[in-house]
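This report refers to the structure that appears directly beneath it.
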Amino acid sequence: MVALLRRLGCWALGLVREAGGMMLFLLEGLALAFVPPFRFRRLLQEMYLIGVRSVLIILLTAAFTGMILALQGFYTLKQYGSEGALGSAVALSLIREMGPVLTALMVSARAGSAVTAEIGIMRITEQLDALDTMAVSPMQYVVMPKLLAGLITVPLLTAIFDVMGIIGGYIVGVILLGLSSGIYFSEMVRSVVPLDINGGIVKSLVFGLTIILVACYKGYYTEHGAEGVSRATNQTVVLSAVLILAWDYLLTSFFM
Amino acid sequence: MIQIIDLCKSFNGQLVLDHVNLVLPKGKITVVIGKSGVGKSVLLKHIAGLLKPDAGRVLVEGRDINHLRGRELYDYKLRLAVLFQGGALFDSLTVFENIAFPLREKTRLPESEIAHRVRQRLEEMNLPPEVEYKFPDELSGGMKKRVAFARAMVQEPEIILFDEPVTGLDPPMASSVFHLIIKTHQDHGYTALVVSHDIPEVFQVADFVAMMHRGRIIAYGTPPEIQAHPDPLVQAFLHGEPDFLEA
């Protein structure tokens, strides 16, 4: 029993230590954005790698999500004779929840794991140490542009997801199932209020920062060679997914 | 001159450096020898400022580098270059970009001057011009070391730290790297620390040799002095006796 409590205590302390370490890491990374040199070129490179190269998977995921929502929603609403509310149901689901969450999960799986692997390999091959000995801060050169890129691109990808999801819903609801195009869009315009959009943007900002923070942190503190990189990458995907859903609950309860 | 005074470092309760005392005379090459895992690279990383000691000091011209902050630390790092064991070349950059990196980051030289200096270093390292377009993963082990050496030299540092510069290289390539160290040292006169266990090849580059064993310096002197050292551990290491590994 004592051993169990001790193990639990060790685990809890480790968790608190890691959370504290991550917070300090984030503050240092963001603070370095205001210290010259400003590294716009590195920021653009990271925005391309994290954002632009995620566009295709976001478009695909969004289109199918919108189509599924429309399909499920149409037959459910039809039971109550309310299929006219399909546009509203699709848009609200996407803007409030599905858009930010699924975008974040997709970016985490595609770019988060890549960021961890990249920084982890730089760590184990001493490239981060090499930067340090050249009087170039690895935090400023490697981490800071990625954090900013996450913060900028994830909300933009979320917006793309929302639009594409609505188009997917339109294809199923209007083109395949015969709902009126005017009703689909007019219901959407009537029911979506600025708070829904703002909530989605805030969520995507928090998710974007969370994903890239976890990815950079896990990569930066990678140990024990190739196996360590593999473990860090795995931890990034799992921890990001859990944190995205936990943040989603907290933020949803705040906005409701 | 670099002085290491009573340097101690532990990792997870295991003492790796145990009151290490060593002097690296200015403009000379000091080689630290010893079997793998005795703390040679850890010592090098303390001089590079990559690790903080648990106790002791690393003095560079009388100033403890662990107390340097901001501009002073930046200036110290500008005077220093490290040749890492695996080269530590940036794998997303070409050879040219790798060598130009310190100049682009730390100077305001025009691109034409940077290109000139990069090609000068490539030539100094006996690397063919076409190698500048290649990425590190397209290079052989020996080429990687020479590109990393070129990157270190392009900064014209006053201090160069070599971490196992010939590990993993075939004997002719190892000899070529040692020859490059001798040649560049003659031309530029930097202060160097070479960490290696390649006996007897390292004696050809060394002005002074220190031998580490279990986190301590157990012998120090010129290469002839070390070769004639009375300590049986030193002799066992120099002659590659298997018993030494268990000692």
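Lettering of chains follows the sequences in order, A, B, ..., and the numbering in each one begins at 1.
Neither side chain, B:Glu124 nor B:Thr184, offers a donor N or O lying under 3.5 Å from an acceptor on the other.
Both the backbone and the side chain of A:Leu131 come within less than 4.5 Å of a heavy atom in chain B. Only the backbone of B:Leu89 comes within less than 4.5 Å of a heavy atom of chain A; no side-chain atom from C-beta onward does. Interface remark: A:Thr133 contributes backbone and side-chain atoms alike to the contact with chain B (heavy atom separation under 4.5 Å). Neither the backbone nor the side chain of B:Tyr76 comes within contact range of chain A, judged by heavy atoms closer than 4.5 Å. Heavy-atom distances place no part of B:Asp75 under 4.5 Å from chain A, backbone and side chain included.
In this structure, the side chain of B:Lys40 engages the main chain of B:Gly34 through a donor-acceptor pair within 3.5 Å.
The candidate from B:Lys77, B:Lys45, B:Arg151 with the greatest count of non-hydrogen atom pairs under 4.5 Å with chain A is B:Lys77.
Considering every non-hydrogen atom in both B:Met1 and B:Pro25, the closest pair reads CG-CA, 4.4 Å.
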Please determine whether salt bridge (Lys or Arg N to Asp or Glu O under 4.0 Å) holds for the pair B:Glu113 and B:Arg108, giving the CA-CA distance in whole Å, both sets of side-chain angles, and the decisive distance to 0.1 Å.
CA-CA 10 Å; B:Glu113 177 60 21; B:Arg108 291 184 179 178; over 6 Å; no

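Summarising the geometry, atom CG belonging to B:Asp18 is positioned 11.0 Å from atom CD1 belonging to B:Ile217; distances are rounded to the nearest 0.5 Å.
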